[in-house]
Number of protein chains: 2
Amino acid sequence: MFCKDHIAMREKLEQVGLRVTRQRLMIANLLFSKGDRHVTAEGLFGESSAMAYPPSLATIYNTLRDFAEKGLVREIALYGGKVWFDTQTGPHFHFYLEDSEELFDLPEELIPQFNIPAPPGTRIAGIDVVIKLERLSDQETPSSSTAAA
Amino acid sequence: MFCKDHIAMREKLEQVGLRVTRQRLMIANLLFSKGDRHVTAEGLFGESSAMAYPPSLATIYNTLRDFAEKGLVREIALYGGKVWFDTQTGPHFHFYLEDSEELFDLPEELIPQFNIPAPPGTRIAGIDVVIKLERLSDQETPSSSTAAA
DNA sequence: ATAGCTGCAAATGCTTTGCAAGGCC
DNA sequence: GGCCTTGCAAAGCATTTGCAGCTAT
């Protein structure tokens with residue numbers, strides 16, 4: 001199991017032309033071996049710090065940027081300071097819980113279809129949809145909380 | 001004309017409970033007297049610096065934050081470092097030109113309808129849609145650049 | 001009068017970079 | 001061997017904050 005993943009990650013890196021190093025393999029494993037993930041550099045650093053020979057924070061930043069440039073992950077449009085990355089690179093939607101800084105995907109079946117023409121002289125490089133959520137206090141009725149745009 | 005705007009801005013501030021000051025009036029005028037705008041703190045600072053007695057950069061930051069808290073402007077979900085604010089506070093869509101850091105609204109007629117239920121225990125506080133654009137080099141065909149999500 | 005603003009400069013937080021040492025092909 | 005990566009520390013931005021002085025109410 002470890003071996004299979006390990007080889008898969010190695011191939012992932014080779015395919016995009018990134019040299020295979022211990023640090024990059026470790027980061028790739030954290031990112032890609034447990035399904036879709038939404039991460040920040042700090043978050044990944046925290047996770048890897050628990051392991052043996054963790055990469056430095058600078059390396060995490062650099063690696064995430066490299067991965068994003070090569071299309072292995074994609075940057076997410078979000079509010080405020082931190083940069084988030086998503087292992088799912090195609091267009092899809094996000095719920096964002098502001099209070100707790102949690103980010104998660106919309107279930108596939110809720111994603112609406114839309115077709116938008118690119119302005120002349122441009123092409124669409126990506127779409128981000130962020131639906132900002134507020135936690136309801138217990139009193140408030142959870143009814144009719146529906147987005148219309 | 002100046003007088004009418006001036007009074008309108010004064011009322012805007014009073015309505016949300018912000019003390020009416022020269023600096024806030026100046027910023028409100030920049031923001032609200034020429035239709036919808038998308039701005040960064042630095043951008044506004046640049047504009048106001050050309051005028052007499054410009055507010056300090058810190059005041060621009062603080063004022064934008066205050067305005068956002070009071071609902072006069074809204075923060076936009078975007079990639080990377082800078083925070084953008086929009087004078088249009090309702091849900092709507094944006095095109096973002098990465099090369100030149102330009103941000104503009106989708107024409108109303110292109111905005112698709114969608115209805116998304118909020119997860120239990122939450123309510124939808126806002127929706128951001130960002131369509132990232134790349135400028136086409138002259139060779140590339142401008143055909144079929146259409147977003148499907 | 002006094003609570004709230006402003007401006008400056010310093011502090012903070014996230015991210016990048018320069019450079020010397022180490023690792024991959 | 002040579003080039004790419006890494007790690008550390010330092011630098012770089014965008015943004016916030018502390019505080020002394022000012023101002024709207």
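As a basis for the values below, the full set of heavy atoms in this structure was taken, side chains included, without hydrogen atoms, waters or symmetry mates. Quick caveat, the model's predicted, so the values are computed rather than measured.
Checking B:L18 against B:V83, the closest nucleotide of DNA chain D that is more toward the 5' end is the one next to B:V83.
Taking atom CD on A:Q23 and atom P on D:dT6, their separation rounds to 5 Å, with Å as the unit. Separating the CZ atom of B:R19 from the P atom of D:dT25 is a distance of 7 Å, rounded to the nearest angstrom. Across the protein-nucleic acid pair, B:I60 atom CD1 and D:dT16 atom C1' stand 15 Å apart, rounded to whole Å. To the nearest angstrom, P of D:dA24 lies 13 Å from CD of B:E14. The separation between B:L57 atom CG and C:dA9 atom P is 13 Å, rounded to whole Å. Distance, B:L13 CG to C:dC5 C1': 13 Å, rounded to whole Å. Between B:K82 atom NZ and C:dC14 atom C1' the separation is 15 Å, expressed in whole Å. When rounded to the nearest whole Å, the span between OH of B:Y53 and C1' of D:dC22 equals 15 Å.
Contact annotation: A:R24 reaches the phosphate of D:dT6 (side-chain N/O to OP1 or OP2, under 4.0 Å). Contact annotation: A:T21 side-chain N/O to D:dT6 OP1/OP2 distance is under 4.0 Å. For D:dT16, neither phosphate oxygen OP1 nor OP2 lies less than 4.0 angstrom from any side-chain nitrogen or oxygen of B:Y61.
Between B:E102 and B:R135 there is a salt bridge, with a side-chain nitrogen of the basic residue lying less than 4.0 Å from a carboxylate oxygen of the acidic one.
Closest contact between the side chain of B:S56 and the listed nucleotides C:dC8, C:dC14, D:dG7 involves C:dC8. Checking C:dC8, C:dT17, C:dT6 against the side-chain heavy atoms of B:T63 singles out C:dT6 as nearest. Closest approach to the B:R10 side chain among D:dA24, D:dT25, D:dT15 is made by D:dT25 (side chain taken as heavy atoms from C-beta onward).
Rounding to the nearest 0.5 Å places OG1 of A:T87 at 12.0 Å from CG of A:L30. Rounded to the nearest 0.5 Å, atoms NZ (B:K70) and CG (B:L18) are 5.5 Å apart. The CD atom of B:E98 lies 12.0 Å from the CG atom of B:L103; values are rounded to the nearest 0.5 Å. The distance from the CZ atom of B:R24 to the CG atom of B:N62 is 9.0 Å, given to the nearest 0.5 Å.
By the 30° and 60° cut-offs, the orientation of the rings of B:H92 relative to B:H38 is tilted.
Only at 4.0 angstrom or more do the heavy atoms of residues 65-79 of chain B sit from any atom of DNA chain C, so none qualifies. Near-neighbour residues of DNA chain D inside residues 39-48 of chain A, defined by a heavy atom below 4.0 Å, are absent.
Listed for the B:T63 side chain is a donor-acceptor partner under 3.5 Å among the backbone atoms of B:T59.
Between the side chains of B:Y96 and A:D128, not a single donor N or O lies within less than 3.5 Å of an accepting N or O.
Between A:M9 and A:S33, the shortest heavy-atom contact is CE-N, 4.1 Å.
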Please lay out, stage by stage, how A:F67 and A:I27 fare under the test side-chain contact (heavy atoms from CB on, under 4.5 Å). CA-CA 10 Å; A:F67 281 14; A:I27 293 171; 4.2 Å; yes

